[in-house]
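Order of appearance sets the numbers: ligands from 1, and atoms from 1 within every ligand.
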Amino acid sequence: LLYDIIILGAGVAGLNATFLASRKGLKTLTIESLEEPGGQLTTLYAEKQIYNFPGMTIFKAKNAVNALKEQVLSIGAQINYNETAVKIFKEEDFFIVKTNKSQYQTKRIILALGKGSFIPREIGIDNEADLSEYISYLPGKIINQKNKKIAILGGGDSAVDWALHMCEENNISIIHRRAKLRAEQLSISQLEENKKIYKYIDYSVVSILKEDKSLMIKLKNNNTAEEFSEKYDHVFVNYGFTTKLEILNQTDFEFERKRQRIIVNGEYETSQTGIYAIGDLAEYNGKIDNILSALNDANHCINNIAKKILKSSGIY
Ligand SMILES: Cc1cc2nc3c(=O)[nH]c(=O)nc-3n(C[C@H](O)[C@H](O)[C@H](O)COP(=O)(O)OP(=O)(O)OC[C@H]3O[C@@H](n4cnc5c(N)ncnc54)[C@H](O)[C@@H]3O)c2cc1C
């Protein structure tokens, strides 16, 4: 199967490109390393209000992602989640995208990789990988849970926001390893006033063990060194993410770069013919790193590609 376009990354830039390309009837595949779309909006600030979206006043990042996701689903576009692109190279007249699961042939590639793939900061316990069924680093798996006892680890904006958001339907504990929360003051006040959420501030996780279908979490009070264990159904880790743009070192091509970004021309094409870059990864004069700019990059890029395809088939 030879695709017209393979889009790497399903952040807002990649999602919009997927939607627009599919609408134009281009054979498109999108590859996303996370289990859900939205990139930075999903991983870094899902509950944050967006104030710079024209015509929208009360609007959270997750709402923007859900709206884009619905649009993409409605058109039947193909997005492969939990799949990471690891190498791109050229073979005869087309490109090969190699992932951790498979490899695909395409006429063009759109790089919508943002700041790179997100790697969650882990709890750091030895048996963490064995407990993967019970530990989440993104909200996707647990967001619609009800009547569960969930330990939210972390003390930044996302930990506090998710605790406030999930406490209506679940029994929530927030466990923070430092003495002070590092969230917006308004959210901290809401958390402090919330009687439903158990707060273990300045407590460390000593160990997590599987017990039947639950987890036994041993906590230590950092002030008194007192230890005790509690049973939970699930752990939601909010220690943040690091990013890695490794794939740009795994190609046969030298892209014209400005630090971590790829320079594109007026058509969003990189110095390598047939490979495009959009969103936070793309660099051009007057570039702004925001949602609208990422959506707009996708719009221009797909239009330019569609024009070329139609021209080569004699339609334009
Ligand atoms: C804390 C914070 C708050 C912000 N607030 C606002 C705001 O209020 N308003 C606003 O307009 N902008 C805001 N921004 C900026 C905005 O979020 C970004 O400009 C936008 O998300 C860029 O989207 P993108 O699609 O280019 O990249 P990303 O969102 O980074 O998406 C890139 C995607 O590519 C995937 N990926 C990476 N490598 C691979 C690989 N090898 N294989 C497969 N998939 C891969 C990643 O998993 C990710 O999903 C904010 C940014 C931050 C960090």
Side-chain angles (χ1 to χ4, degrees), residues 6-20 29-65 68-69 72 78-88 97-104 109-120 137-138 140 156-158 161 182-184 238 240-251 260-262 264 268 275-284 287-302:
I6 289 187
I7 298 167
L8 303 185
V12 283
L15 267 182
N16 198 34
T18 306
F19 172 65
L20 296 170
L29 168 69
T30 300
I31 294 167
E32 168 58 54
S33 57
L34 298 175
E35 65 195 33
E36 49 193 298
Q40 296 171 47
L41 284 78
T42 302
T43 44
L44 304 181
Y45 61 99
E47 287 293 321
K48 185 177 97 72
Q49 297 278 356
I50 308 291
Y51 294 106
N52 60 340
F53 218 88
M56 307 292 280
T57 42
I58 305 169
F59 194 54
K60 288 184 176 182
K62 66 173 185 189
N63 302 129
V65 175
L68 284 166
K69 189 176 157 187
V72 166
Q78 186 187 351
I79 304 186
N80 289 3
Y81 294 108
N82 289 315
E83 187 164 350
T84 299
V86 293
K87 188 172 169 64
I88 49 181
V97 174
K98 200 169 176 307
T99 73
N100 57 339
K101 294 187 174 166
S102 188
Q103 68 177 39
Y104 309 92
I109 295 173
I110 298 179
L111 303 170
L113 302 163
K115 309 249 186 290
S117 45
F118 292 92
I119 301 148
Y137 304 90
L138 282 173
D157 280 307
S158 41
D161 287 346
R182 286 195 283 192
E184 273 185 13
N238 279 271
F241 294 84
T242 55
T243 51
K244 206 163 103 187
L245 261 176
E246 183 53 25
I247 186 172
L248 298 186
N249 304 324
Q250 302 299 323
T251 73
Q260 284 290 68
R261 296 162 182 272
I262 296 183
V264 294
Y268 292 86
I275 302 188
Y276 299 75
I278 58 175
D280 279 8
L281 181 67
E283 172 68 26
Y284 50 86
K287 177 67 196 280
I288 308 171
D289 273 358
N290 70 15
I291 300 167
L292 275 183
S293 177
L295 295 174
N296 190 43
D297 287 359
N299 184 26
H300 276 277
C301 180
I302 295 297

Among protein heavy atoms, which lies nearest atom 30 (O) of ligand 1, and at what distance?
Gln40 NE2, 2.9 Å
Looking only at heavy atoms, the pair that brings Gly114 and Leu245 closest together is O-CD1, 4.3 Å
Report the member of Ala282, Ala294, Gly114 with the shortest heavy-atom distance to atom 27 (O) of ligand 1.
Gly114
Sequence neighbours excluded and cut-off under 3.5 Å, please list the side-chain donor-acceptor pairs for residues 39-47, or say none.
from, atom 1, to, atom 2, distance (Å)
Gln40, NE2, Asp280, OD2, 2.9
Thr42, OG1, Pro37, O, 2.6
Thr43, OG1, Gly39, O, 2.7
Glu47, OE1, Lys60, NZ, 2.9
Glu47, OE2, Lys62, NZ, 2.8

How about Leu29 and Val97: do any of their side-chain heavy atoms sit closer than 4.5 Å?
no
Nearest heavy atom to atom 44 (N) of ligand 1 wins, so pick from Gly116, Ser33, Gly279.
Ser33
Identify the heavy atoms of Tyr268 and His300 that sit nearest to each other, and give their distance.
CE1-CB, 3.2 Å
Heavy-atom contacts with Ala112 under 4.0 Å: which atoms of ligand 1 show up? List them by number with element.
32 (C), 33 (C), 34 (O)
Just distances here: any N/O of Glu32 and N/O of ligand 1 closer than 3.5 Å?
yes
Out of Ala61, Ser117, Ala64, Pro37, indicate the one that has the non-hydrogen atom closest to atom 37 (C) of ligand 1.
Ser117
Please determine whether any non-hydrogen atom of Leu8 lies less than 4.0 Å from an atom of ligand 1.
no
Contact (N/O only, under 3.5 Å) between Ala85 and ligand 1
yes
At a non-hydrogen distance cut-off of under 4.0 Å, which region of Asn52 contacts ligand 1 (side chain, backbone, both, or neither)?
side chain
Would you say Leu248 and Ile262 make side-chain contact, with heavy atoms under 4.5 Å?
yes
Compare Lys244, Lys48, Gln250 and give the one whose heavy atom is closest to atom 7 (C) of ligand 1.
Lys48
Do any nitrogen or oxygen atoms of Tyr51 come within less than 3.5 Å of a nitrogen or oxygen of ligand 1?
no
Evaluation steps, side-chain contact (heavy atoms from CB on, under 4.5 Å), between Ser102 and Glu83:
CA-CA 9 Å; Ser102 188; Glu83 187 164 350; 4.2 Å; yes
Begin from the C-alpha positions of Leu295 and Phe53 and carry the test side-chain contact (heavy atoms from CB on, under 4.5 Å) through to its verdict.
CA-CA 11 Å; Leu295 295 174; Phe53 218 88; 3.8 Å; yes
For ligand 1, which is the ligand I care about here, please tell me if Ala13 has any N or O atom under 3.5 Å from one of the ligand's N or O atoms.
yes
Looking only at distances, please establish whether an N/O atom of ligand 1 is found under 3.5 Å from an N/O atom of Tyr45.
yes
Where ligand 1 meets Ile31 - atom numbers and elements under 4.0 angstrom, heavy-atom basis:
43 (C), 44 (N)
Tell me, please, which residues at least two apart from Phe118 pass ring pair (Phe, Tyr, Trp, His ring centres under 6.0 Å).
Phe241
Near Leu34, which atoms of ligand 1 are under 4.0 Å from a heavy atom of that residue?
47 (O)
Can an N or O of Asp280 be found at a distance shorter than 3.5 Å from an N or O of ligand 1?
yes
